[in-house]
Structures are given as structure tokens and as C-alpha cells.
Amino acid sequence: MKGNVTHTLFAVLLIGLYSCKEDKYAEALSPEESIATFNIHEYFEVKLFAAEPHIQDPVNLVFDEKGIAYAVEMPDYPYKPEEGKGKGVIKKLEDTDGDGVIDASTVYAEGLADATNLMPWKGGLLVTAAPHIYYLKDDDGDGVADSKTSVFTGFFENNSEAQITNLRLGIDNWIYAANNGQRSDVTFKDAPGEGPLQLRGADFRFRLDKGLFEKESGTAQFGQTFDDWGNKFFTQNTLHIQQTVIPNRYLERHGHLSSNSVNQNISDHELEMFQITPPPYWRAERTRRRNIQYQEQELNRVEYAEDHFTGASGGTVYDGGDFPEGFNGNIFTGEVAGNLVHRDVLAEDKESPTLIAKRASEELDKEFLASTDPWFRPVGFTVGPDGALFLVDFYRQHIETPVSIPDDLKEEMDFMHGMDRGRIYRIVPKSGVSETKVQDFSSLDSKTLVSHLAHKNGWWRTTAQRIILENPKAEYIPLLKDLLSNENPNAQLHALYLLESMGALEQGMVEEALESDNYGVRKNALMLAENFPKLKEKIAEKINDESPIVSLQAILSLGNYEDDFTINQLAKALIEKGENKWFRLGILSSNAGSGEAILKVLDEKYNFSGTEISWKEDYLKEVNHILEGKGIRAKAE
């Protein structure tokens, strides 16, 4: 099998024989030449959208409510810029002749340090640029930002590969950001009296429409994405796809869990990938040296220079609605070290409240897209208004933190070589994508705007959601209520959450959603049901839902209560589902599921202490830890 130890070490030894510097590192190709090196799925083709000189060092692309494209350039990478001397640029990209290729650009903002990500908001842009999340706006319409406000500050800023990034508007109206679990003390300009929010081992989320901000589960690096039902997935170098199983707000209800780690590697194919470029000289040589060192130290460890994920980046759910059947809902992830794009097909795990990421049947021994151009650096993706999947290519000769490369190898490397280049591509099916021109969402009449919440393209749905969220109007409410009967479950969820945001959600609406045929609607309806105490018994009924994801959410939602009914329901759930660590953790996260009262019920009804159960000791150990944390003498035995 390609990628085994013998093959890898032999390959790197051969590469090590090269003596000429020009043989070690290839030079850049033109955009057309680079596209010619792409080996892509037979249903698709790649078209150029933007390239130098109009774009350089791109790391993110977004489209605002008018369909205008904005990109972030990060020329400082991989070095930390001097204070006040950041070179980061945000560009407005224009296609003046309508041929689908950018032929003009305007510098919207410049002088930004470590700017990595954008999200349109209220006619401007939210920008992650550690230690800040800024809000930039063009007030006079000349295409250049006139104002810059630090909305949040205090984020970790000492490593450009582990900073605040990946702004995503969730179906629940919260804006999510990846924090890589870094320690930060975050303050909000509109809540100066609240003191800093201490982030550690967590990501971040906030609502500007409600003035809220808090920790969120996950340690996303560069790549954070959500499916239609709010399931969160993220990318982290070698682990190309993980899922956060339990939201942070449940984990911190009593604050005494021994661990808040809820990241699950959901890949069924682990680290294996299929690149068609050889590893660069420095990586092959560094790997050769490290493996010799491991052998000399008699360590049971092997490092791989190729065919294993090491630079996974930008995982994104495709929800554009224009790809062939079977592709909607897939996650596309770049691999900057392997010069490829990997595709995962998501499937429900019938035994556990997680999803499983599988290779497509036609990609069991190859990737969705792989290039022989070693400069190809797919750092991120965006689903566009037209339904295409836009691919952001940083396009550099080297992409690695210099501190991790031996000094003698660095002498032959120019980490800034290629900083005058960059490409953005459109991945489209050969059958084509939508040619519908985007109108300015902010000027649409209410009926048309709300109708876009049922659009097949997730960009249209999310943009309509955002415009409604930014400027809520009473006239939206009857239209949103009508949308609840739409056959599209995406539209139903948007309507439910937007009604909730405007204080117009009714108990009956949630009850009906709890009986949906769609598991994603049922899952989210349970979270909304937390606002209606009279639905407590309805929540409890869903513990027996056929979907493990819905069942876990019912346990989490019911855990907000602490009465005898709740304790009895959670005790029953523990006996039936406690073998699975996620159900067990969901129960333990609540006061009702981790106190002395539930221990009494477990013994009286189920003879828990006298029963041989493989996971019983793990549960009791955690209960003891929680009780001790609360200052209660532990009695769990």
C-alpha cells in the first residue's frame, strides 16, 4: 500500500540524493497551467474566478447581500507582523465584462494584521484579525471601508495557524468562530461591565442582535462548517473532520465535569489520503531524520512524509443545490501539504449520536481533486450565489511554520516566494450551475425575502436569514408562520428560529415540529422546546426517538430541569443507553443526572449497585467527582 514505512523511507532517501537547489523546489505555474494539473471527479470541472494581480495570498472569500465578492489576503504569513505594520488586505473583486472572471479589484481595507476571515453584516464586514473581531463598513459608497470598530478583543494572537477565524452564521442565529481552543480573555465593546470571557479549550459564539457572547464546544482550527441541521464539524491539521457532539452550554450547567472534551473524529478512513505530488524536499528530509531518531530512541513511532493528512484546512459543507445527486451535504476539505481536495459523505450512525464521514464509493483509492502542482494550496471554500463551490488557493512555494523546520533546511527556502500570487477557482458540475442574477437582498420586499428561506441554495437561505436578523420587522411574522407549512425542512427551521428571535414563536409551532419526519427538525425543535416548560413531557418522549442524535438532544434538553420526573426519566435513559459515552456524558452534564437523588432511583428501581455493568464504574467515578466539586460528600459506591 502506498504510504507504508518502507515506501516512504525509500522515497525520501531518493529525494535526499538531489544536490541542486533548483531540483528541490518547483517554480510557479500560470493559472491555466495549474488547472491543467488537476485530476478531478469526472462529473466536475474547474474554472478560474480570480488570479494575480487582482488577488494575492487569498485565505477567504465571501459574497455580500448584493452578490459582490470580497476576499482576504494574508501576505504576512507565516511571520508575525510588527505592531501596527500588518500587511493584510481585504479586496472587493469585480467582473466588469460579465465573463465570469475577475478583471478588477478595489482595496476595501488594508494594514490588517492576521486578518483571516470575513462575514457580511449590516452592510459591512465582520473580520477576524487576532486579537480582534472588527466591523468594517464603507459609509460613502466608494468601495473602501471608512470605519473600523473592534467589536471583540482579547483573542490569542501568537500563532497565525491557531487564531480566531471561520465566522459562520448558524441556523440558530448565533455567529460561530473557530478559536482552536486557545486561551483568551475576550471582551465585548457593548458589554464593558461584564468583564472578560475566559476562553480555553473552546471555540466562541456570539449574537450581535441580542448582545450575547459565550464559549462553544470544539477546538476548530482552520475549517468550521455546519450541515443543514446545525451539526458542527471542524478541521484540525491531521484530523480532517471532527464533530462536536454536545454544545458547551449543557456541559457547564453545574461546572464540575472532569472533562469538557466533546470532539469526535468521525472519519472511518483515519489519516489516509491519496496525493499525486511527491513530498517537498524539506518535508521528506525532516521525516527521514525524525524516523532515524525514533528508531535510535526505540520509540514505537513513525512519521509519514506523504499520503497522510497533515495540513487539512477549510472543511466546508456543500449546500448549493446544483451539484449532482449525492453531493449535497458532502464536506469538502483542502489538504495544503498534499495539494488536494478531499470529499466526505456523511451518514448517520445508527448506534451513536454522531455522524460518520465516509469516502464516496468512487473515491476509495483517489481524491475528489488532486494536483501535480506542488504550489496548489487549497486553504478554504465558499458556496457561491450561483451554486458553485469556490476554492481559495493560497498558491505559495512553501506553506509551513518555519519554527518546525531544521535551520539547515530553511537556508534553502524562501517562505515568501509566491506572495505576489493567488488563485480562486469555481468547481462546477459539467451540467452547469444557476445563472440567476442576485438582486440586493436588503431592498427586496418582505414576501420575496422570506421566500428565499426555502431556496435550494444555502447561500440564498442564509443571506435571507441574515437580512431578517439584522433588521427584524413585524411584517415578517405572518410570512414566517406561513413558511412553517412549507415542505422544505430548511425553510421550516429558518422560520422557527427567526420567529423565536422576534419573540413570536408559539408553543404549538414547536409541538408540531417535534413530530416532523426530519430528524434535524426534531433535534432543533427540542432546543426550542426548552423555552416552554409545558413541553417537558414531550421532550422526555423523544429520548426514545429512532435517531440517536435526537435522543441525545432530548436528554440534554430535559436536563435543564431537576424535578422527580426528570430524575426518573434520566435514570431510565442511563440504564438503557449508558453504554454509549455520549449518552452517559449528556446525563452527567445535568444536575438531575449526577446527584444523590438519581443514585437512589437507580438502586431502588434498577438495582444499579448490584448489577454487573461494564460502564458502571465510569459513571459512578464521575458522579463522585461532581459531588465533591459541589462540596457534597460523595456517596456513590
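This structure is a prediction, so every number in the text was calculated from the model and none was measured. Only heavy atoms go into these numbers, but all of them, side chains included; no hydrogens, no water, no symmetry mates.
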Looking at [X] and [Y], does any basic side-chain N land under 4.0 Å from a carboxylate oxygen?
X    : Y    : value
D203 : K232 : yes
E214 : R249 : no
E362 : R343 : yes
D172 : R205 : yes
E367 : R359 : yes
R522 : E515 : no
K572 : E576 : yes
K481 : E506 : yes
D228 : R461 : yes

**OP:** Please report the closest heavy-atom contact between L528 and Y497, naming both atoms and the distance.
**Re:**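 Of all heavy-atom pairs spanning L528 and Y497, the closest is CD2-CE2, 3.7 Å.
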Report yes or no: do [X] and [Y] form a side-chain donor-acceptor pair below 3.5 Å?
X    : Y    : answer
T333 : T235 : no
E579 : S614 : no
S551 : D545 : no

Original post:
Taking W615 as the fixed residue, which of L620, L574, N580 is the one that meets the side-chain contact (heavy atoms from CB on, under 4.5 Å) rule?
Top reply: L574
Original post:
How about Y318 and F381: are their ring centres within less than 6.0 Å of each other?
Top reply: no
Original post:
H269 and H240: ring pair (Phe, Tyr, Trp, His ring centres under 6.0 Å), yes or no, with the steps?
Top reply: CA-CA 10 Å; H269 44 285; H240 75 278; 5.2 Å; yes
Original post:
Can you check whether V62 reaches M119 side chain to side chain, under 4.5 Å on heavy atoms?
Top reply: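 Side-chain contact under 4.5 Å: no.
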